[in-house]
Amino acid sequence: MTGLRIGHGYDVHRLAEGRRLVLGGVEIPYEKGLLGHSDADVLLHAVMDALLGAAALGDIGRLFPDTSDAYLNISSMILLEKTMERLHNVGYAVVNVDATVIAQKPKIAPYIQNMRENMAQKLHVSVEQINVKGTTEENLGFTGAGSGIAAHAVCLIEKIG
């Protein structure tokens with residue numbers, strides 16, 4: 001048996017006026033932001049769920065419940081750091097992460113490198129181990145209609161020590 005484990009994560013949040021748009025820990029100028037208890041960073045939420053799933057540690061809803069004021073408007077970068085603490089505590093390290101942001105608008109290409117750098121720093125890996133892509137749904141579904149943004153992430157983790 002190897003010490004490698006795969007995880008998948010998915011998250012979605014509605015776009016709303018009066019909120020900041022934060023993806024991968026990067027604030028992106030846009031007319032709307034994502035609605036949620038925290039900063040609603042769908043990219044980091046999907047990544048955290050992938051990591052937790054790979055380690056069989058549940059999900060972010062269980063770890064960081066949206067009923068707790070402790071997580072109200074919190075940066076998902078802080079939550080990602082806490083997620084990595086959990087992974088390290090049970091003896092896992094990140095091998096790589098591959099994520100896709102699904103949004104009709106805004107275009108995220110100019111921000112992807114910063115997103116990768118942010119995640120690499122919190123995951124204690126090199127930028128080359130993190131991949132982020134953006135896609136549209138060709139005006140189909142809730143993301144295509146501009147009602148929300150979704151993200152999928154897969155990761156590989158390995159047992160250390």
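Remember, it's a predicted structure, so these values are computed and weren't measured experimentally.
Under a hydrophobic clustering in which Ile, Leu, Val, Met, Phe, Trp and Tyr are joined whenever their side-chain heavy atoms come within less than 4.5 Å, directly or via other members, L23 and V12 fall into different clusters. Both V90 and I157 are assigned to one and the same hydrophobic cluster, defined by single-linkage of ILVMFWY side chains at heavy-atom distances under 4.5 Å. Side-chain heavy atoms closer than 4.5 Å link hydrophobic residues (I, L, V, M, F, W, Y) into clusters, and following such links, possibly through other members, connects M77 to M115. Two different hydrophobic clusters hold F142 and I108 under the rule that ILVMFWY side chains link at heavy-atom gaps under 4.5 Å. V101 and L21 end up in the same hydrophobic cluster when Ile, Leu, Val, Met, Phe, Trp and Tyr side chains are linked at under 4.5 Å.
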Apply side chain to side chain contact (heavy atoms under 4.5 Å, CB included) to M119 and L43, showing your working. CA-CA 10 Å; M119 284 189 275; L43 174 55; 3.9 Å; yes
Where do K133 and D98 land on the side chain to side chain contact (heavy atoms under 4.5 Å, CB included) test, with the steps shown first? CA-CA 8 Å; K133 321 174 277 300; D98 184 29; 2.6 Å; yes
Carefully, step by step, assess R19 and K32 under the rule side chain to side chain contact (heavy atoms under 4.5 Å, CB included). CA-CA 6 Å; R19 294 275 301 187; K32 295 179 180 177; over 6 Å; no
Is there a side chain to side chain contact (heavy atoms under 4.5 Å, CB included) between Y92 and E158 once you walk through the steps? CA-CA 5 Å; Y92 284 101; E158 67 180 337; 5.7 Å; no
Given the rule in the side-chain hydrogen bond (donor to acceptor under 3.5 Å, both in side chains) test, do T143 and E137 qualify, once you have shown the distances and angles that lead to the verdict? CA-CA 7 Å; T143 62; E137 289 189 310; 2.3 Å; yes
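Tested against S76, the residues D39, D41, T83 include a single side-chain hydrogen bond (donor to acceptor under 3.5 Å, both in side chains) partner, D39.
Among residues two or more places apart in sequence or in another chain, the ring pair (Phe, Tyr, Trp, His ring centres under 6.0 Å) test is passed with F64 by Y71. Looking at residues two or more places apart in sequence or on another chain, you find a ring pair (Phe, Tyr, Trp, His ring centres under 6.0 Å) between H13 and H45. Qualifying salt bridge (Lys or Arg N to Asp or Glu O under 4.0 Å) partners for E27, counting only residues two or more places apart in sequence or in other chains: R20. Legend: residues meeting side chain to side chain donor-acceptor pair (under 3.5 Å) with S126, ordered by chain and number and at least two apart, are E128, Q129.
The two residues L34 and A40 come nearest to each other via the heavy atoms CD1-O, 3.2 Å. When all heavy atoms are compared, the tightest approach of I74 to A70 is CD1-O, 4.1 Å. In this structure, A99 and V47 approach most closely via the heavy-atom pair CB-CG2, 4.4 Å.
Sparse packing is recorded around CD1 of I6, with 12 or fewer heavy atoms of other residues, nucleotides or ligands lying under 6.0 Å away. By the 6.0 Å contact criterion, CZ on R86 is open, its count of non-hydrogen atoms from other residues, nucleotides or ligands being 12 or less. Crowding of K105 atom NZ: a count of heavy atoms from other residues, nucleotides or ligands under 6.0 Å not exceeding 12.
Side-chain contact between I28 and V22 is absent, with no heavy-atom pair separated by less than 4.5 Å. Two residues are said to be in side-chain contact when any heavy atoms from C-beta on lie closer than 4.5 Å; N131 and V97 fail this criterion. Residues L80 and I78 have side chains not in contact (no heavy-atom distance under 4.5 Å, counting atoms from C-beta outward). Using a 4.5 Å heavy-atom threshold, the side chains of L57 and L51 count as separate. In this structure, the side chains of I130 and V125 come closer than 4.5 Å at one or more pairs of heavy atoms. At least one side-chain heavy atom of L52 sits less than 4.5 Å from a side-chain heavy atom of I60. Two residues are said to be in side-chain contact when any heavy atoms from C-beta on lie closer than 4.5 Å; L44 and L79 fail this criterion. Put simply, the side chain of D59 does not reach to within 4.5 Å of the side chain of M48, judged on heavy atoms.
The salt bridge (charged side-chain N to carboxylate O under 4.0 Å, His left out) pairs that include a residue from residues 115-127 are E81-K122, where partners are two or more places apart or lie in different chains. Residue pairs satisfying the ring-ring contact (aromatic ring centres under 6.0 Å, His included) criterion with at least one member in residues 107-130, sequence neighbours excluded, are listed as follows: H88-H124.
When atom types are taken as modelled, the side chain of H37 and the backbone of S68 share a donor-acceptor pair closer than 3.5 angstrom. Side chain of Q104 to backbone of N139: a donor-acceptor contact under 3.5 angstrom is found.
With rounding to the nearest 0.5 angstrom, the CD1 atom of I102 is 11.0 Å from the CG atom of D11.
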